[in-house]
Participant: 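Just dropping this structure here.
Chain naming here is simple, since letters A, B, ... match the order of the sequence lines and numbering starts at 1 in each.
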Amino acid sequence: GAVVSQHPSWVICKSGTSVKIECRSLDFQATTMFWYRQFPKQSLMLMATSNEGSKATYEQGVEKDKFLINHASLTLSTLTVTSAHPEDSSFYICSASGQAGELFFGEGSRLTVL
Amino acid sequence: ILNVEQSPQSLHVQEGDSTNFTCSFPSSNFYALHWYRWETAKSPEALFVMTLNGDEKKKGRISATLNTKEGYSYLYIKGSQPEDSATYLCAFDKAAGNKLTFGGGTRVLVKP
């Protein structure tokens, strides 16, 4: 089946630094990718929709200047958490739409900001 | 804010027993209801995408039903096995485009 790879699986960084998370569709082209985050004891929450070659669409309450999304190719979307702070510590996960509209998820990335 | 609720949050099942759990979602502006199976440290795995009221889908020992008029879906596991232990997520899709609203999940632990 289709595979979406997310990297890194976990990352620890200092407050004020930026962290980049990659999401790759390994065996299919994904015109649309989605970024979610999950805080402890909460549901996966959609952050933004990433469309190849255009600007991402952010959900209400998600700061676009803080969470930079780039979808420069049909197989790669990146999420950069800029000037990360402890409250940004969370589980971030991406998904990608296949040609038939089916959705495939990455393994997720756990971010801890010290 | 869309309200998607899953119940119970967790359950323990004896190996061989059958079980079921619920996902409730808004009954208006319905497009699709997704079910995923999510094992620890792995990617969520798609189980079903349900679109029609009254729909029933089956995959091995797992099946699901859908009632869009009253806004609920049941997931059933027949003859639970330890490998069925996972978190089962439902996700509501109000329009084509895969922008999903997830429930909190039901964590299933099957005891040998």
Participant: Between A:Q38 and chain B, which part of the residue has a heavy atom less than 4.5 Å away: side chain, backbone, both or neither?
Facilitator: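 Only the side chain of A:Q38 comes within 4.5 Å of chain B.
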Participant: Which label fits A:F34 and A:Y36: parallel for a plane angle under 30°, tilted from 30 to 60°, or perpendicular past 60°?
Facilitator: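 The arrangement is tilted - the two ring planes meet at 30° to 60°.
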Participant: What heavy-atom pair brings B:L11 and B:F21 nearest, and what distance separates the two atoms?
Facilitator: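 The pair with the smallest heavy-atom distance is CD2-CD2, 3.9 Å.
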Participant: Considering heavy atoms only, which positions within residues 45-52 of chain A lie below 4.5 Å of chain B?
Facilitator: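 Answer by number: A:L46, A:T49.
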Participant: Pairing donors with acceptors under 3.5 angstrom, does anything connect the side chains of B:S73 and B:W35?
Facilitator: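 Side chains of B:S73 and B:W35: pair found under 3.5 Å.
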Participant: If you measure only the distance, is there a donor-acceptor pair under 3.5 Å linking the side chains of B:N20 and B:Y74?
Facilitator: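 Side-chain D/A pair, B:N20 to B:Y74: absent.
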Participant: Find out if a path of hydrophobic residues (ILVMFWY) with successive side-chain heavy-atom gaps under 4.5 Å connects B:V4 to B:Y88.
Facilitator: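 Yes; B:Y88 is reachable from B:V4 via cluster members.
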Participant: Check each of B:M50, B:E56, B:K57 against B:L66 using the side chain to side chain contact (heavy atoms under 4.5 Å, CB included) test, and report the only one that passes.
Facilitator: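 In the set B:M50, B:E56, B:K57, the residue that makes a side chain to side chain contact (heavy atoms under 4.5 Å, CB included) with B:L66 is B:M50.
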Participant: Apply salt bridge (Lys or Arg N to Asp or Glu O under 4.0 Å) to A:E22 and A:R24, showing your working.
Facilitator: CA-CA 6 Å; A:E22 293 186 348; A:R24 293 181 185 273; 3.4 Å; yes
Participant: Give every donor-acceptor pair under 3.5 Å between a side-chain atom in residues 98-112 of chain B and any protein atom, sequence neighbours left out.
Facilitator:
unit_1: B:N98; atom_1: ND2; unit_2: A:S97; atom_2: OG; d: 3.1
unit_1: B:N98; atom_1: ND2; unit_2: A:G101; atom_2: O; d: 2.7
unit_1: B:K99; atom_1: NZ; unit_2: A:E59; atom_2: OE2; d: 3.0
unit_1: B:T106; atom_1: OG1; unit_2: B:P8; atom_2: O; d: 2.6
unit_1: B:K111; atom_1: NZ; unit_2: B:H12; atom_2: ND1; d: 3.4

Participant: What residues of residues 77-96 of chain A sit under 4.5 Å from chain B when only non-hydrogen atoms are counted?
Facilitator: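 Residues A:F91, A:I93 are the ones that qualify, each having a heavy atom under 4.5 Å from chain B.
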Participant: Which side-chain N or O atoms in residues 23-32 of chain B pair as donor and acceptor under 3.5 Å with protein atoms at least two apart or in another chain?
Facilitator:
none

Participant: With a 4.0 Å cut-off on N to O distance, would you call B:K59 and B:E45 a salt bridge?
Facilitator: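 Looking at B:E45 together with B:K59, the answer is yes, because their closest N to O distance falls below 4.0 Å.
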